[in-house]
Amino acid sequence: MLDRIINILQQAEVSDYRLMELTTVSHQAFFVRQKLDQHRISDTVHVTLDVYMDKETENGRFRGKASCEVHPNETDEQIRAQIEKLKFNALLAVNPYYQLVKDEKYREERVSHDLYGALKTVVDAMHGIQDTESEKINSYEVFVNEYYYHIVNSQGTDISFNTMDEQLEVVINSVNEGHEIELYHVINFVDRTAEEITSEIMDVFRHARERNRAVPTKKMDKVRVLLSGDFNDSFFEYFLTRTNTQAVFLGYCSTKIGDNCQESDQCDKITLRAVAHLDKSSNNLPYSKDGNKAMDLTIIENGIYQNYWGDQITACYLGLENVSPVYNFIVEPGSRSAEEMKKEPYLELVQFSDFMMDPIVGNFGGEIRLGYYFDGNTVIPVTGGSITCNMNAVLKHVYFSKETRQLNNCIVPATIELFDVNVSGEQ
Amino acid sequence: MINARQSEYLLGCKEKLEQLVDILKNEYDYVSVLATDVSGLSYAVNRKTSSINEFRDSERGFVVRVYCNGGYSEYSFNRLDDVNETAQQIITALNAQSSVLESSAKLKTPLLEEEEAEGEFAGEVSEEFYRPDNEKILARMKRLRDKGMAKEHVVNCSVNYSMQLVNKMFISPSRNLIQAWGVSYVSCVMVLNKDGDTQFTNFGDTGWQGSEIIDKQADKMDQAYEDVVKMFDAPNITPGEYEVICTPAAAGLIAHEAFGHGVEMDMFVKNRAIAREHMGEKLASTITNMYDGAQGVRQTASYFFDDEGTLAQKTQIIDKGYLVSGICDALSAARLGVKPTGNGRRESFERKVYTRMTNTYFGTQANSLEEMIKSVKYGFLVDGVDSGMEDPKHWGIQCILSRAKEIRNGRLTGKIFTPVVLTGYVPDLLSNISMVGTDIELDGNGHCGKGYKEWVIVSDGGPYLKTKVRLG
């Protein structure tokens, strides 16, 4: 289909173009308890076309872009009409000139994975999980997807690659003395064994059991809080937003390379590196949709911003010659072990109903679904109440655990130690 | 205004899709196909750039649903060439997957019994939806942006406007339905920087109207700016239970999170919603009424039939404080032995149907905002919706709001607190509703997820409400 569109574009007098063809095959199964609710297959091709039109004025060179999806059943005549509309619209919305990615080449032939087999592996793993006396599987959904990308532009870039990902969404119930609670858990992954899937679900069972015997969180002032959950990636994604070219260009962040975000001695300095490939990540895309290669890149070293990352247009506007997308990242471990962090009283939070991070203002927090309060003698599971913190304050006094864990596309410290946090809860 | 036109593309596919249904019904006990053609333009301007792109939720494709051996399965695709070949492809693929899942017991689901229905439905839209004057639209947006950028501390003011034309066709042996409508969205984000600190505010509007909606944002911008400037020096709220007045946007968030998710009846099938056990019980104050429906109001989640071919309706969920009804998709309704309410929705033709909210809102009463403020000894007017999370199993609620305006002795003091986390037990919050305003305002700029996926466009709102709830 791309060849047909390119032929039409070559006669259409556009300044530049970019086409992305995404072929997706998705196999899906939905269960209530262990019974099959329904199953689905989706087999689609989506083609996105960007048309660029340039304009020279006395104020300089400008470029406009307009986009649309070209649907598989469209005729040549319909595609021509679409392109004419895009040309017109692109010239109405012109911006300072920028270049497309030039002459980037990468070719993979399309690979068809055994999606039936992959679906069966996950479903069999789930069928193998036995309910315990207090915990049971409520429902789950399995998605197994393969993608084939083909990106072409008029500046000689021609890239194609395969990716695959899987998603398991599970709801667990736990009953304690007639009181039933549920835990919602999502795993995004690729290439996991049945044992690895089962092991993660068993951890959710344990959290469900703990939450069900938890007592309401008390209101506490200036308490030491340990963040030890699946949301720890959101804490570090704050720094990715702060260095994203689009966020900087639009003024959402005023980050400058060389800025120190941790001018304090009472903290572990953050070192965060983007990595092009991370084993077991479902996010290993070798190129961005613009055609930029994913690279290994240091974003922050010892609390000092080192590099921006992002998209082609805003990178050009910021004067960057090379820009990389970020799909995976690794945060260096901290100076203290989790065991050391737990010697003094603490409130360790492992689940929020929805952990919210506002990367622009820096506020983060949410309602506590499961935590553990240590008063110096005993550890008590707690639930309810909430915390609200701000990054600017937190970064002056924060430590990270020596232990790290992989959360799909990132490896981050397993525990983040915060100080002087006010906790809303029972009086 | 004109009636929205039915999609030429869908009409062009109709014969082939009818043939497809005819072929597949020889193989399956139930067959239907939903065809979608959603198109539109999104315009964006910010401090330095502008663009015109295809609307984010545009799509064109088909999904076939079949029933065989006591279970349902679906096949989504977007190429339609040879009908026999497509039918064979569907049969082969679904049979292969059924074999793979053979060891799984099936959830008992009766065969859908559809009443016969045929019809062509069209909403009213302005001619602009078909012949937009893009230059004029961008000029309107740039005027609004320039007004924002002229304000002190503003580092970026972005304005986004979209016009969406939705066309869907549903064909089964007993149903032949086609619909068309249009909706527009405007949203504006102002980012301010003062002495290195950043704050932002957003506002907007949605509805079955054209680009005149952009001009209506100028007044909202002034109020939003006045509030966000105060947020730089705003303290955190002292956690506690307060008398709280909710703006229509905050009331909408509560309606959506508090009861909307809790009465989605696919959650009843999974035993995930406590509401199932409390139907007919009094759970809110007697002045509380709540509704959901793709009919009854004209907003972003209004339509004539849902993605399973069920005709849309308006459902009263809470009547004078009593929980009287849930909302339901067709398969869940069949499993529960009730009638579907026209709430079966898909994120796109590529995704499964779930029970989803449409336009969800509180009903009105007779109290003015002034009366409500006067009645508060110490409390807050909460506004600026950021996000919410439901807990249908236990009726917990968490709403993140950007600001709370202090009320002392019946007057707004001008002091603002931020951010605000509203938490509580839904029946307490609803039972504490003591005053309800006179006018409903709905906003449809948001997407609602099922868990953390399956995003669909919804609107929510209500009048001003006074209640008592925990803020932190």
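Throughout, a chain's letter reflects where its sequence line sits, starting with A, and its residues are numbered from 1.
Contacts between A/Tyr184 and chain B at a heavy-atom distance below 4.5 Å involve the side chain alone, from C-beta outward. For A/Ala66, the parts lying near chain B are the backbone and the side chain together; criterion is any non-hydrogen pair under 4.5 Å. For A/Ser254, the part lying near chain B is the side chain, with the backbone staying farther off; criterion is any non-hydrogen pair under 4.5 Å. For B/Val63, the part sitting under 4.5 Å from any heavy atom of chain A is the side chain, from C-beta outward, and nothing else. With a threshold of 4.5 angstrom between heavy atoms, B/Leu80 approaches chain A through its backbone and through its side chain. Heavy atoms of A/Asn173 lying under 4.5 Å from chain B belong exclusively to its side chain. Only the side chain of A/Asn392 has a heavy atom closer than 4.5 Å to any heavy atom of chain B. With a threshold of 4.5 angstrom between heavy atoms, B/Arg47 approaches chain A through side-chain atoms but not through N, CA, C or O. For chain B, the nearby part of A/Val123 is the side chain; its heavy atoms alone come within less than 4.5 Å. Only the side chain of A/Val171 comes within less than 4.5 Å of a heavy atom of chain B; its backbone N, CA, C and O stay farther away. At a 4.5 Å heavy-atom cutoff, the contact between B/Val155 and chain A is made by backbone and side-chain atoms alike. Of the atoms belonging to A/Arg369, it is side-chain heavy atoms, and not backbone ones, that fall under 4.5 Å from chain B. Heavy atoms of A/Asp50 lying under 4.5 Å from chain B are absent altogether. Of the atoms belonging to B/Tyr43, not a single heavy atom falls under 4.5 Å from chain A. For chain A, the nearby part of B/Asn46 is the side chain; its heavy atoms alone come within less than 4.5 Å. Looking at A/Thr44, the atoms closer than 4.5 Å to chain B (heavy atoms on both sides) sit in the backbone and in the side chain alike. Proximity to chain B involves both the backbone and the side chain of A/Glu367, based on heavy atoms less than 4.5 angstrom apart. Interface residue A/Leu119: only side-chain heavy atoms are found under 4.5 Å from chain B. Heavy atoms of B/Phe55 lying under 4.5 Å from chain A are absent altogether.
Counted within 6.0 Å of CD on B/Glu8, heavy atoms from surrounding residues, nucleotides or ligands total 12 or fewer; the atom is thus considered open. Counting heavy-atom neighbours within 6.0 Å of A/Lys219 NZ, excluding the residue itself, gives a total above 12.
Applying the ring pair (Phe, Tyr, Trp, His ring centres under 6.0 Å) test to B/His261 and every residue at least two apart in sequence or in another chain returns B/His256. A/Phe231 pairs by the side-chain contact (heavy atoms from CB on, under 4.5 Å) definition with A/Leu227, A/Phe352, A/Phe355, not counting sequence neighbours.
In the model, B/Glu350 has no side-chain atom that pairs as donor or acceptor with a side-chain atom of A/Ser26 under 3.5 Å. Judged purely by distance below 3.5 Å, without hydrogens or angles, the side chains of A/His39 and B/Ser98 pair a donor atom with an acceptor atom. Judged purely by distance below 3.5 Å, without hydrogens or angles, the side chains of B/Asp81 and A/Asn73 pair a donor atom with an acceptor atom. Between the side chains of B/Asn53 and A/Ser67, a donor-acceptor pair is found at a separation under 3.5 Å. Between the side chains of B/Arg272 and A/Ser139, no donor-acceptor pair of N or O atoms lies under 3.5 Å.
Using the six-membered ring where Trp is involved, A/Phe30 and B/Tyr354 have ring planes that are perpendicular, over 60° apart on the 30 and 60° scheme.
The shortest distance between side-chain heavy atoms of B/Pro419 and A/Thr388 falls below 4.5 Å. Using a 4.5 Å heavy-atom threshold, the side chains of B/Leu331 and A/Gln38 count as touching. In this structure, A/Arg40 and B/Ser73 have side chains that are not in contact, with every pair of non-hydrogen atoms separated by 4.5 Å or more.
A distance of 9.0 Å separates OG1 of B/Thr49 from OH of A/Tyr98, quoted to the nearest 0.5 Å. For the atom pair B/Tyr452 OH and A/Asp354 CG, the distance stands at 3.5 Å (nearest 0.5 Å). Going from atom CG of A/Leu86 over to atom CD1 of B/Ile52 covers 10.0 Å, rounded to the nearest 0.5 Å. Interatomic distance, A/Ser42 OG to B/Asn78 CG, rounded to the nearest 0.5 Å: 8.0 Å.
Counting only distance, with no hydrogens or angles, the side chain of B/Asn156 and the backbone of A/Leu250 share a donor-acceptor pair below 3.5 Å.
For the side-chain hydrogen bond (donor to acceptor under 3.5 Å, both in side chains) criterion with A/Asp37, the lone passing option out of B/Arg335, B/Lys106, B/Lys270 is B/Arg335. Of the candidates A/Gln28, A/Lys120, A/His27, A/His27 is the only one forming a side-chain hydrogen bond (donor to acceptor under 3.5 Å, both in side chains) with B/Gln97.
If you look at A/Tyr252 and B/Phe200, their ring centroids are not closer than 6.0 Å.
The candidate with the highest count of non-hydrogen atom pairs below 4.5 Å against chain B, out of A/Glu74, A/Gln34, A/Arg33, A/Glu169, is A/Glu169. Chain B forms the most heavy-atom pairs under 4.5 Å with one residue out of A/Val32, A/Val423, A/Val186, A/Thr48, and that residue is A/Val32. The candidate with the highest count of non-hydrogen atom pairs below 4.5 Å against chain B, out of A/Glu180, A/Gln78, A/Met356, is A/Glu180. Per-residue counts of heavy-atom pairs under 4.5 Å with chain B were compared for A/Asn138, A/Ile360, A/Ile313, A/Asn422; the largest is that of A/Asn138.
Seen from the ring of A/Tyr317, B/Lys48 does not count as a face-on cation partner, given the 6.0 Å and 45° thresholds.
Between A/Glu69 and B/Arg60, no side-chain nitrogen of the basic residue sits less than 4.0 Å from a carboxylate oxygen of the acidic one, so the salt-bridge criterion is not met.
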